[in-house]
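For reference, the structure is listed below as structure tokens.
The structure presented is a predicted model; accordingly, all values stated were derived computationally and were not measured. In each ligand, atom 1 is the first atom listed, and ligand 1 is the first ligand listed.
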Amino acid sequence: VHEIVDVVIVGARCAGAPLAMLLARTGRRVLVLERGRIGSDKISTLYIQPPGVAHLQAWGLLDAVRATGAPELRTVTYEMSGTRISGEARWPDSMPRAYAPRRTRLDPLLAEAAVAAGADLRERSGVTGLLQDGSGRVTGVRYTTAGADGRRKECTVQAHLVVGADGMRSTVAELVGAPTTVSDPTLTCAYYTFWHGLHAGFEMYEGETGWVSSVPTSDGLVLVSAYHPQEEFDRVRHAADASYRAGIAANSPGLAERMRGATQAAPLTGFGDQRNFFRQASGPGWVLVGDAGHHKDSLPARGIGDAFLQVQLLVHHLQNCDAGDDQDRALVAFGEDRDRLLTDSYRATLLVASAQSRPQRRALLATVAADPVLTQRYFDTVAGLAPVSELYTPDLLRGLVA
Ligand SMILES: Cc1cc2nc3c(=O)[nH]c(=O)nc-3n(C[C@H](O)[C@H](O)[C@H](O)COP(=O)(O)OP(=O)(O)OC[C@H]3O[C@@H](n4cnc5c(N)ncnc54)[C@H](O)[C@@H]3O)c2cc1C
């Protein structure tokens with residue numbers, strides 16, 4: 001006999017956990033299956049842009065985020081080839097600022113909120129297959145989990161909707177054969193670790209050979225990352241520590257100087273598979289949310305906020321719809337909205353993460369730094385408060401051509 005629920009969500013991090021929370025709050029029976037353990041770390045440079053934090057606030061989770069000890073991050077500093085701007089986006093008073101909690105704190109608090117809302121969450125439960133009816137509609141999943149005797153056992157669960165919130169290498173996307181609708185080459189590889197005793201704010205640097213950022217997080221630590229062009233991944237990974245230090249020294253010498261008195265608090269973490277794509281968002285009985293449906297280079301730090309945005313969008317589209325055709329139409333509308341809302345920032349990310357467009361960015365920053373109105377627009381755009389198109393005013397374009 002199959003277990004039967006309304007929604008099965010595969011994955012319990014930034015996409016899966018808040019979706020489970022919101023759907024459980026509407027009275028749906030929600031089962032979340034997570035292959036790993038809640039509380040395990042996740043590769044990330046942690047920075048949640050203000051629109052993402054605004055979702056946490058709307059869901060009643062901002063106090064819990066503050067309780068992780070992550071400081072509010074107001075000022076953004078951006079420096080490139082000697083041009084430096086530092087300031088804040090123009091927030092409405094009601095809008096919270098950025099935070100960068102450790103993922104070992106953020107992800108569990110999202111999972112706890114899902115359980116508190118009534119979702120059933122099972123860790124160490126990995127989805128391995130789908131249940132489908134004669135027409136090919138997805139009607140549930142197969143998964144393995146730890147039995148009472150500690151041995152792995154195979155289970156099945158039926159659901160009106162199967163959600164793949166299972167990250168960039170989504171099992172659900174693979175099992176349903178979700179087509180990739182947009183795809184671009186990988187552009188950067190990322191290395192980071194945590195520093196104790198480092199005096200730094202949220203700072204981003206771009207030099208001749210790569211990108212560096214510092215992000216204050218929980219426990220008085222500062223995460224410092226060095227990004228290199230993807231072509232260098234093979235070289236970099238064989239000398240990761242040396243490349244990390246050389247990247248910081250070359251591209252942000254001032255920060256490198258401040259790091260001299262600081263202590264490295266964790267081993268270096270590296271990632272060389274930052275894919276850029278959109279997948280078809282849904283099909284009969286299934287939908288993808290978060291990195292499973294759309295992934296882009298992490299340089300502009302948008303993945304967490306984009307996952308939250310997709311969650312809110314999906315919940316909006318699922319409101320008041322029945323299972324079956326009605327639900328399929330709602331899922332298609334979700335996918336259209338997702339693409340409409342995220343395509344601009346996807347294109348902007350590809351530009352920011354491409355070493356070839358560095359001269360263009362240098363000219364852009366020089367023009368922006370010389371004009372207070374453009375400087376303000378720049379901060380609004382980086383924070384995600386204003387669309388990228390608003391930055392490219394006639395003044396700016398004239399400055400770039402001159
Ligand atoms: C180097 C790097 C730096 C980043 N920095 C930032 C940043 O500063 N700011 C930002 O906003 N974003 C950043 N991101 C992106 C951000 O981490 C992701 O966008 C975000 O974690 C996506 O959440 P998700 O829930 O969609 O997927 P994930 O976080 O990948 O979670 C998916 C979950 O699904 C589970 N799962 C997978 N397969 C199965 C299965 N078969 N069965 C059950 N469970 C399964 C996994 O165990 C995992 O827990 C960064 C990413 C990288 C790689």
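- When only interatomic distances are considered, the shortest N/O to N/O separation between C14 and ligand 1 falls below 3.5 Å.
- Inclusion of G303 in the set of residues having an N or O under 3.5 Å from an N or O of ligand 1 is warranted.
- With respect to atom 44 (N) of ligand 1, the closest heavy atom belonging to the protein is R35 N, 3.0 Å.
- At a heavy-atom distance under 4.0 Å, only backbone atoms of S125 (N, CA, C or O) approach ligand 1.
- Looking at E34 next to ligand 1, an N or O pair under 3.5 Å apart turns up.
- Nearest to atom 32 (C) of ligand 1 by heavy-atom distance, out of A165, A173, G164, A301, is A165.
- In this structure, L255 and E203 have side chains that are in contact, with non-hydrogen atoms separated by less than 4.5 Å.
- On a distance-only criterion, L46 and ligand 1 share at least one N/O pair closer than 3.5 Å.
- Checked against a 3.5 angstrom limit, the closest N/O atoms of R13 and ligand 1 fall inside it.
- With rounding to the nearest 0.5 angstrom, the CD atom of E232 is 11.5 Å from the OG1 atom of T188.
- Distance from atom 11 (O) of ligand 1 to its nearest protein heavy atom, with residue and atom name: I304 N, 2.8 Å.
- Between L106 atom CG and T217 atom OG1 the span is 9.5 Å, to the nearest 0.5 Å.
- Atoms of ligand 1 lying under 4.0 Å from any heavy atom of Y47, numbered from 1 in the order shown and given with element: 7 (C), 8 (O), 9 (N), 10 (C), 11 (O).
- Atom CD of Q327 sits about 4.5 Å away from atom CG of L161, to the nearest 0.5 Å.
- An N or O contact shorter than 3.5 Å links V127 to ligand 1 by distance.
- In plain terms, the two heavy atoms of D328 and P284 that are nearest each other are OD1-CA, 3.7 Å.
- The shortest N/O to N/O separation between M168 and ligand 1 does not fall below 3.5 Å.
- For V10, the heavy-atom gap to ligand 1 drops under 4.0 angstrom.
- At the top of the distance list for atom 36 (N) of ligand 1, counting protein heavy atoms only, stands D166 CB, 3.7 Å.
- Taking a 4.0 Å cut-off on heavy atoms, Y191 fails to register as neighbouring ligand 1.
- Aromatic ring orientation, H55 versus F308: perpendicular (interplanar angle above 60°, classes split at 30° and 60°).
- Side-chain contact between D107 and K42: present, with at least one pair of heavy atoms (C-beta onward) separated by less than 4.5 Å.
- The line from CD1 of I38 to CZ of R124 is 12.5 Å long, rounded to the nearest 0.5 Å.
- Applying the 4.0 Å criterion to heavy atoms of L33 picks out, from ligand 1, the atoms 43 (C), 44 (N).
- Residue, atom and distance of the protein heavy atom nearest to atom 29 (O) of ligand 1 are K42 CE, 2.9 Å.
- Nearest protein heavy-atom neighbour of atom 13 (C) of ligand 1: S44 OG, 3.9 Å.
- In terms of protein heavy-atom proximity, atom 41 (N) of ligand 1 is nearest to T171 OG1, 2.9 Å.
- For atom 1 (C) of ligand 1, the closest heavy atom belonging to the protein is I43 CG2, 3.6 Å.
- The proximity of R169 to ligand 1, defined as any non-hydrogen pair under 4.0 Å, does not occur for either the backbone or the side chain.
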Show the numbers, then the answer: is there a side chain to side chain contact (heavy atoms under 4.5 Å, CB included) between L46 and R102?
CA-CA 6 Å; L46 311 178; R102 291 287 296 266; 4.1 Å; yes
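- Closest to atom 8 (O) of ligand 1, if we only count protein heavy atoms, is T45 OG1, 2.7 Å.
- Each of the atoms 27 (O), 30 (O), 32 (C) of ligand 1 lies under 4.0 Å from some heavy atom of G167.
- Residue G290 places no N or O, backbone or side chain, under 3.5 Å from any N or O of ligand 1.
- Of all the atoms in ligand 1, the ones that sit under 4.0 Å from a non-hydrogen atom of F271 are 53 (C).
- Contacts between F308 and ligand 1 below 4.0 angstrom, taking non-hydrogen atoms only, are absent altogether.
- Using a cut-off of 4.0 Å between Lys/Arg side-chain N and Asp/Glu carboxylate O, E72 and R74 are scored as salt-bridged.
- Between the R279 side chain and the A292 main chain, a donor and an acceptor come within less than 3.5 Å of each other.
- Rounded to the nearest 0.5 Å, atoms CG (L299) and OG1 (T349) are 8.0 Å apart.
- Each of the atoms 33 (C), 34 (O), 35 (C), 44 (N) of ligand 1 lies under 4.0 Å from some heavy atom of G11.
- Shown in contact with G126 at under 4.0 Å from a heavy atom are these atoms of ligand 1, numbered in order with element: 42 (N), 43 (C).
- The aromatic rings of Y191 and H228 sit perpendicular, their planes meeting at an angle over 60°, well past the 30° parallel limit.
- Here is the list of ligand 1 atoms found below 4.0 Å of a heavy atom in S298: 1 (C), 2 (C), 3 (C), 4 (C), 5 (N), 50 (C), 51 (C), 52 (C).
- Classification of R35 and D166 as a salt-bridged pair fails, no side-chain N sitting under 4.0 Å from a carboxylate O.
- For the pair R258 and W195, the cation does not sit on the ring face, since its NZ or CZ is not both under 6.0 Å from the ring centre and inside 45° of the axis.
- Of the options S218, P108, S40, S44, a side-chain contact (heavy atoms from CB on, under 4.5 Å) to R103 is made by S44 and by none of the others.
- Those atoms of ligand 1 that come under 4.0 Å of a heavy atom in D291, given as number and element, are 18 (C), 19 (O), 20 (C), 22 (C), 26 (O).
- Relative ring orientation between F277 and H295 is described as parallel, the plane-to-plane angle staying below 30° on a 0-90° scale split at 30° and 60°.
- Ligand 1 has R103 within reach: a non-hydrogen atom of the residue lies less than 4.0 Å from it.
- K296 and D184 are not joined by a salt bridge, as no carboxylate oxygen comes within less than 4.0 angstrom of a charged side-chain nitrogen.
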